[in-house]
Each structure stands twice: as C-alpha cells, then as structure tokens.
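This report concerns only the one structure given below.
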Amino acid sequence: MEPEVKIQRRKTRQIFVGNVPVGGDAPISVQSMTNTETCDVDATVGQIRRLQDAGVDIVRVSVPSMDAADAFGKIRQQVDVPLVADIHYDYKIALAVAERGVDCLRINPGNIGREDRIKAVIQCAKDKGIPIRIGVNAGSLEKELQRKYGEPTSDALVESAMRHADILDRYDFQDFKVSVKASNVFMTLQAYRKLSAQLEQPLHLGVTEAGTFRSGTVKSAVALGALLMEGIGDTIRISLAADPVEEVRVGFDILKSLNLRKKGVNIIACPSCSRQNFDVIKTVNELEARLEDINESVDLAVIGCLVNGPGEAREVDVGLTGGTPNNLAYRDGEKSHHITADNLVDELERMVRAKVQKQRDDEAKGIIARSE
C-alpha cells in the first residue's frame, strides 16, 4: 500500500474560538454560517443544532442590529458550539455581543468608524479574551483600494488585510485570524499564498459566493484543496447557496480527501458499468443517507464487480465486491461472507455500525487502562 502522504502545515500562532483551537498544530476546523433570520431565535437555534449534528466545529451568526444582538444572547444560552458574530459598521453591536457570550468577532476594523470606536472594540475583545477575525472580501474592498487597483486583485485583498492587521497590531492585539476571499479561484489562491508569507496569524480559508451546491463545491474543492496541500489554512468555510449543513459535509469531505481530518464514513465506490452485479449507485446513495449520523472514521468500499473489487476491499474496514451468484463482503481487509443482492444495504450498514461499536469499545478500554 502506498505510504500516506503527510502535508507539512505552515506554522501559525494558535488562538481559541471558544474551546476550539485554531492554528498551531490544531486540527483544521470546519465552520458554517446560519442563514436564518437571527431574530428568529428558535429557527436559528434549530439550524445550529443541525449543524452540530453534522459535526461543525464553529458557527457564525450574522448580527446586523441591536435587536439581533439581543437575540444572539438568547441563542448563545441554548447552544454549546463556539459562535462567531458577524458584524459590520456599528461598533456598539460588537460591544453588545461581547457582553452576551460571543466566542469571536468577525469585523473589518476599517469599517467600524473612528479611531476611538476601533479602540473600544479592540480593548473590549482584549479584556474578555475574545479573538477577532479580519474578513476581507473582493466584493467589499475599501474605495481607496478600488481606485488604486481599478478592480479587485489579489494584491488589493492582501493590502486590505494587512492594513487591518496593522490596526490590531497598533493596539497590541495579536489574537486574530484573517480571510481574503474572492469568488474567483485564481485570485483566491494568489491572495492566500501572498498573505501566508506575511502573517503568523492563522488563516480562515474560503471562496466567497462560490455558487450553488454543485458549482460551489467544485470551486471550493479546487481552491481550498490546492492551498491545504501547500500547508496553508487553519480553518475553513465552504460558502454554498444551499443548506448550511451541506457546507459542513463538503468541508469534511475535502479534509478527509487530504488525510487532514478523519470523520464519518468514507465511501469508495465505482461509477458502475455493465459488469456490475448489483445497482451500485442506488446502494451507495442509500448507504450514505443511512450512515450520516456516524462521526467515527470508517472506510467503506462498494465495488460492483471482480475487476477492482478485491483490491479495494482489502484496503478498507468494510468492503463489498460484486460477484455471481452472490457478492462477497470483506471485514478489515479479509474475506468475510457472501451477501445476496436483496440484502446488501442492510448488511453493509450492520457491518459498518459493528465496526463503529468496536472502535468505541476499544477507546473505552484504552481510557480505563490509562486511568489505572
């Protein structure tokens, strides 16, 4: 088997968003953002809980008004995942959510207003140990930079980010992370590469306004995959015009594909052809839906025939090779038993859940052994 490639990550300063470490040697975290009306507390809490079920590490909530800040405080009391407040223009909102348990402030110091207002937000964050995220977007660059560069460019994004970082540095505030997002893949790549050479702070990766579920997933995978392979990036958000839960799933799928996070069932499946001995596509789609609740790392291979099936099945936790008259199941790389085509999904689900339970039992035994 080919040895696993280990990506050498860029050394960054570590900060904490709630109890989640970002940067340093911490795992790359996956974020998402609610798209409910923040003042609708029940709807927002419900969506955050669904994001938690999907495994999200950090959730961002838009706070555009003082009424939303009051709602944020109620939301904070009902969920236990770290929350980032997304704030623009009104520094008083930042001060308000700081009093209501926010774990991170997403602001641009440049649009908060006068120097005394910027200083008030930074001092509040420093006093309460709240980190800040500088979020630069190609669509909202400062007018001065728009005039200077004529249009959004990677250099314009980096200059904006460094200006904001300099403001924080002037007040001796170092617990921040930075994003420089564009909807263009090449601009995104160039901006993050340039910025990573200039800052020690952790970087929040994303392609802004990436698009619909399919196109946005592709653009995000191309841009973020390239950066992550270069060791750039400490936390990610996949921006999709879709259910935010899908952002979390896509984010983890990107990290899993690069061996940067191990979470959930990794399904390896052939695209199917006339040699298949069962309906591969229907089988894997049903398995994916049934196994979404699993957070433990399990590799499952579902291959429709004997051409590549045995080779793939020997490398995974649970495998299936199509065959005649019956299909052959593998457990931990070894042949296990035959399965009929009408019992595939139920049996594979049973095998995967048995593997998960064994992992949990082994972990529990390890905890007992360490405590002794």
Side-chain angles (χ1 to χ4, degrees), residues 1 3-4 6 16-22 25-32 46-59 78-82 235-236 244-269 283-303 312-321 327-339 343-372:
M1 186 176 180
E4 184 175 295
K6 180 93 172 158
F16 278 82
V17 178
N19 61 355
V20 175
V22 177
D25 59 357
I28 296 171
S29 52
V30 175
Q31 305 194 26
S32 185
Q47 188 171 79
I48 291 172
R49 287 176 176 164
R50 289 198 299 114
L51 290 168
Q52 286 185 273
D53 289 341
V56 75
D57 296 306
I58 299 167
V59 176
Q78 297 182 51
V79 299
D80 56 9
V81 68
T235 184
I236 65 173
V245 169
E246 298 297 343
E247 298 184 349
V248 179
R249 292 171 180 161
V250 172
F252 275 109
D253 283 344
I254 291 172
L255 295 178
K256 285 192 293 185
S257 72
L258 297 172
N259 297 318
L260 289 168
R261 288 286 294 267
K262 299 286 187 182
K263 180 189 175 299
V265 180
N266 175 39
I267 298 180
I268 300 159
T283 299
V284 295
N285 284 339
E286 188 168 347
L287 283 167
E288 185 174 59
R290 288 196 189 188
L291 301 173
E292 279 182 352
D293 63 299
I294 294 175
N295 288 323
E296 287 80 2
S297 176
V298 178
D299 288 329
L300 167 65
V302 180
I303 311 298
E312 294 287 357
R314 283 194 292 266
E315 303 295 335
V316 296
D317 300 303
V318 176
L320 176 71
T321 296
N327 310 291
L328 180 59
Y330 287 70
R331 182 182 285 109
D332 296 325
E334 301 292 334
K335 294 178 181 179
S336 177
H337 58 284
H338 288 92
I339 310 176
N343 193 36
L344 286 180
V345 176
D346 289 343
E347 180 61 11
L348 288 173
E349 180 185 8
R350 184 195 68 77
M351 292 177 69
V352 169
R353 293 193 182 279
K355 179 68 178 180
V356 169
Q357 189 58 53
K358 185 177 185 305
Q359 290 180 3
R360 292 172 180 170
D361 292 344
D362 290 346
E363 183 179 350
K365 291 175 184 176
I367 292 172
I368 292 170
R370 284 193 296 275
S371 66
E372 292 173 348

Tell me which one of Val352, Leu300, Val298, Val316 satisfies side-chain contact (heavy atoms from CB on, under 4.5 Å) with Ile267. Leu300
In chain order, what residues pass the salt bridge (Lys or Arg N to Asp or Glu O under 4.0 Å) check against Arg49, with sequence neighbours excluded? none
Asp346 with Arg290: basic N within carboxylate O range, under 4.0 Å: yes
Non-hydrogen side-chain atoms of Gln52 and Asp80 separated by less than 4.5 Å: yes
Between Val245 and Leu51, is any pair of side-chain heavy atoms under 4.5 Å apart? yes
If you measure from CZ on Arg249 to CD1 on Ile254, what distance do you get to the nearest 0.5 Å? 14.5 Å
Less than 4.0 Å between a side-chain N and a carboxylate O, is that true for Asp317 and Lys358? no
Compare every heavy atom of Phe252 with every heavy atom of Val56, then report the nearest pair and how far apart it is. N-CE1, 4.5 Å
Heavy-atom nearest pair, Ile236 first then Leu255, reads CD1-CG, 4.0 Å
Just to verify, what does Arg360 make a salt bridge (Lys or Arg N to Asp or Glu O under 4.0 Å) with, not counting sequence neighbours? Glu296
Less than 4.5 Å apart, any side-chain heavy atom of Val59 and any of Ser32? no
Is it the case that the side chain of Arg261 and the backbone of Ile28 share a donor-acceptor pair, with hydrogens and angles ignored and the cut-off at 3.5 Å? yes
First locate atom CG of Asn327, then atom OG1 of Thr321, and finally report the distance between them rounded to the nearest 0.5 Å. 8.5 Å
In terms of heavy-atom contacts, Ser29 and Asp57 come closest through CA-OD2, 3.3 Å
If we ignore hydrogens and angles and just use 3.5 Å, is the side chain of Glu315 paired with the main-chain N or O of Ala301 as donor and acceptor? no
From CG (Asp332) to CG (Asp299), nearest 0.5 Å: 11.0 Å
Identified side-chain contact (heavy atoms from CB on, under 4.5 Å) counterpart of Val356 within the set Asn295, Ile294, Asp361: Ile294
State the CD-NE2 distance between Glu347 and His338, to the nearest 0.5 angstrom. 13.0 Å
Before giving the answer on side-chain contact (heavy atoms from CB on, under 4.5 Å), spell out for Lys355 and Arg331 the whole-Å C-alpha distance, their side-chain angles and the decisive distance to 0.1 Å. CA-CA 9 Å; Lys355 179 68 178 180; Arg331 182 182 285 109; over 6 Å; no
In Å, rounded to the nearest 0.5 Å, how long is the span from CD of Gln357 to CG of Asp362? 10.0 Å
side-chain contact (heavy atoms from CB on, under 4.5 Å) evaluation trace for Asp293 with Arg353: CA-CA 11 Å; Asp293 63 299; Arg353 293 193 182 279; 2.9 Å; yes
Ile58 and Val20 have their tightest heavy-atom pair at CD1-CG1, 4.1 Å
Exercise: identify the closest heavy-atom pair between Val284 and Ala269: CG1-CB, 3.6 Å
On a heavy-atom basis, the closest approach of Ile339 and Leu320 is CD1-CD1, 4.1 Å
Would you compute the distance between atom NZ of Lys263 and atom CG of Asp253 and round it to the nearest 0.5 angstrom? 9.0 Å
Any heavy-atom pair between the side chains of Phe16 and Pro21 that's under 4.5 Å? yes
